[in-house]
Amino acid sequence: MDKKVYIETLGCQMNKSDAERMFGMLGYMGYEKTTEPRKADLLIINTCSIRQLSEDKAYSQIGVWGKWKKNRPNIKIGFSGCVAQQVKENLFKRAPYVDFVIGTQRLYELPEIVKRVENGERVCSCDEKPYTEKDYKIERVKSINAWIPIMEGCNNFCSYCIVPYTRGRERSRDFKNIMTEVKNALKEGFKEVTLLGQNVDSYHGKGGNGEDVNLSGLLKAINALEDYGKFRVRFVTSYPTDITDELIDTVLECDKVCEYFHIPMQSGDDEVLKKMNRRYDVAAYTKICNHIRSRVKDVTITSDFIAGFPGETEEQFQHTLDEMKKLELDYSNTAAYSPRERTVAAKWKDKFIPDDVKTERLARLNETNRECCVMSNKKYIGREMEVLVEKFENHNGTNVISGRTRNNKMVHIPCERDLTGEFVNVKIVGAMTWYLKGEMID
Ligand code: SF4
């Protein structure tokens with residue numbers, strides 16, 4: 001291989017998974033992966049548009065690369081991901097040194113696009129018609145967990161969210177392709193697979209005999225895989241009202257499927273939820289959490305929240321803090337509202353909350369999140385749990401292994417041996433905010 005490619009990935013796990021696919025396709029074309037952008041012949045920025053900050057970062061990065069091109073005119077620059085899907089060929093006006101723009105649904109067209117670019121063409125491919133999936137090897141980031149997208153896009157159109165515009169309408173991947181990918185990841189030595197989708201519960205594929213397969217069916221099929229040793233299965237992200245009893249039964253029945261649900265609530269106020277175009281109210285969300293907890297022992301439920309949605313009053317925000325505590329959520333991702341062009345809420349400029357208020361609300365949201373995490377972690381002191389080891393590190397002179405329990409709790413355990421990739425039994429002896437302290441059981 002004499003050509004090198006560098007991909008800078010911003011944003012979510014879906015983007016990271018796309019990057020692993022791009023590296024695979026480019027490897028097939030003779031490009032070697034490099035972590036040093038200065039040495040690359042091909043530079044790609046895999047963009048995220050969930051917040052303005054990420055979008056700004058993408059533009060500033062290509063600005064830097066554009067300057068490099070003045071001295072090295074042969075380097076090629078590509079722009080992919082969610083911002084690419086939105087900006088399309090308009091990017092060439094703003095950044096004339098960019099050689100190609102590839103939209104989220106055209107990922108598998110990358111080899112053809114790069115070939116054309118190598119021949120001196122400038123290419124934009126951002127059709128919303130998904131390009132047929134190809135069977136390239138995936139260059140996964142070395143880790144314990146393999147992220148496997150099972151569906152993409154979203155039909156929900158929450159009023160703040162850009163995803164339906166950047167990732168398109170909901171599409172489920174072929175069941176057979178997913179199963180092949182899972183088996184390949186396990187053969188490569190991954191000990192955990194996480195099925196990924198914007199609304200993973202809406203998965204609908206076709207099995208080998210043409211029968212319908214939903215998320216439960218897919219989980220059962222993966223759980224039934226033998227000859228791959230011990231492994232775990234997770235799935236994210238769930239839309240609250242799409243969680244069915246069948247799915248909960250599947251989590252209970254399948255020994256490899258972990259007791260973990262990520263269910264974004266976004267706000268703890270009914271009025272705000274309505275304006276967000278979420279299809280549930282606080283009572284419905286509470287019922288789902290209670291139902292899952294009543295059936296799945298030691299389940300972890302995590303969530304997402306937005307602070308300072310347009311028009312959100314102090315009282316409404318307080319409801320969010322109250323609900324977070326009442327629901328005893330184990331952990332939440334938090335963010336201040338960031339207007340995204342084309343979305344409905346971005347038009348409500350007169351209702352925008354000033355930045356300083358948003359920042360202050362976010363700080364309070366984070367504080368409540370911290371309290372919830374400590375409370376959740378304390379429940380496990382004295383318990384014995386199984387940990388899948390992800391890392392071996394030295395923390396201030398002490399060798400420590402760290403990994404996750406089945407219910408997604410991070411545990412740090414003093415240990416002199418590197419047990420990465422192994423399942424170990426530990427006793428929980430302490431609870432910090434973001435992790436548990438454990439001791440090896442002999
Ligand atoms: S469910 Fe809502 S927040 Fe989630 S991806 Fe779809 S539109 Fe965005």
Side-chain angles (χ1 to χ4, degrees), residues 10-18 47-55 81-86 103-105 128 130 147 149-173 194-204 214-215 234-244 247 261-282 284-285 288-289 301-312 320 323 329 332-348 362 365:
L10 306 171
C12 69
Q13 205 50 59
M14 192 63 94
N15 261 15
K16 289 179 191 155
S17 169
D18 283 350
T47 62
C48 163
S49 60
I50 211 82
R51 280 184 255 294
Q52 190 59 43
L53 203 69
S54 294
E55 206 169 313
C82 292
V83 185
Q85 187 63 49
Q86 281 175 281
T104 51
Q105 288 155 74
E128 284 184 18
W147 296 90
I150 62 166
M151 58 172 311
E152 204 186 350
C154 184
N155 297 342
N156 283 331
F157 288 91
C158 300
S159 63
Y160 53 85
C161 180
I162 193 72
V163 167
Y165 306 93
T166 56
R167 292 274 171 183
R169 296 305 94 76
E170 205 170 274
R171 306 172 302 283
S172 292
R173 284 185 69 205
T194 302
L195 308 182
L196 189 63
Q198 264 91 22
N199 291 298
V200 83
D201 319 65
S202 314
Y203 176 77
H204 56 273
N214 60 11
L215 177 61
R234 302 185 187 277
F235 55 91
V236 285
T237 294
S238 297
Y239 191 88
T241 46
D242 290 344
I243 296 170
T244 58
L247 180 63
F261 288 79
H262 181 64
I263 320 170
M265 187 186 198
Q266 307 297 7
S267 167
D269 182 86
D270 285 345
E271 204 53 43
V272 175
L273 285 172
K274 221 185 259 166
K275 291 197 178 119
M276 287 178 162
N277 197 27
R278 302 288 286 179
R279 291 179 279 108
Y280 53 86
D281 56 16
V282 172
Y285 185 92
I288 292 155
C289 290
I301 300 179
T302 57
S303 191
D304 295 341
F305 286 95
I306 297 172
F309 184 75
E312 181 191 64
T320 295
E323 289 307 323
L329 292 166
S332 299
N333 299 312
T334 60
Y337 171 75
S338 172
R340 305 288 60 218
E341 218 183 298
R342 289 179 75 186
T343 61
V344 171
K347 299 185 178 73
W348 302 335
L362 180 61
L365 195 58

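Note that ligands are numbered from 1 as they come in the structure, with each ligand's atoms numbered from 1 the same way.
Between Tyr337 and Phe309, the ring-plane angle classifies as perpendicular under the 30° and 60° cut-offs.
Excluding water, every protein N/O/S atom under 2.8 Å from atom 6 (Fe) of ligand 1 is given here by residue and atom: Cys154 SG.
Listed by chain and residue number, Arg51, Gln52, Arg340 satisfy the side-chain contact (heavy atoms from CB on, under 4.5 Å) test with Ser338 (two or more places apart in sequence, or in another chain).
Distances shorter than 4.0 angstrom occur between a heavy atom of Arg278 and an atom of ligand 1.
In this structure, Lys275 and Ser159 have side chains that are not in contact, with every pair of non-hydrogen atoms separated by 4.5 Å or more. Residues Arg278 and Met265 have side chains not in contact (no heavy-atom distance under 4.5 Å, counting atoms from C-beta outward). At a threshold of 4.5 Å between non-hydrogen side-chain atoms, the residues Met151 and Gln198 do not count as touching.
How far CG of Asn277 is from CD of Gln266: 12.0 Å, rounded to the nearest 0.5 Å. Atom OG of residue Ser238 and atom CG of residue Asn199 lie 8.5 Å apart, to the nearest 0.5 angstrom.
The distance from ligand 1 to the heavy atoms of Tyr160 drops below 4.0 Å at these ligand atoms: 3 (S).
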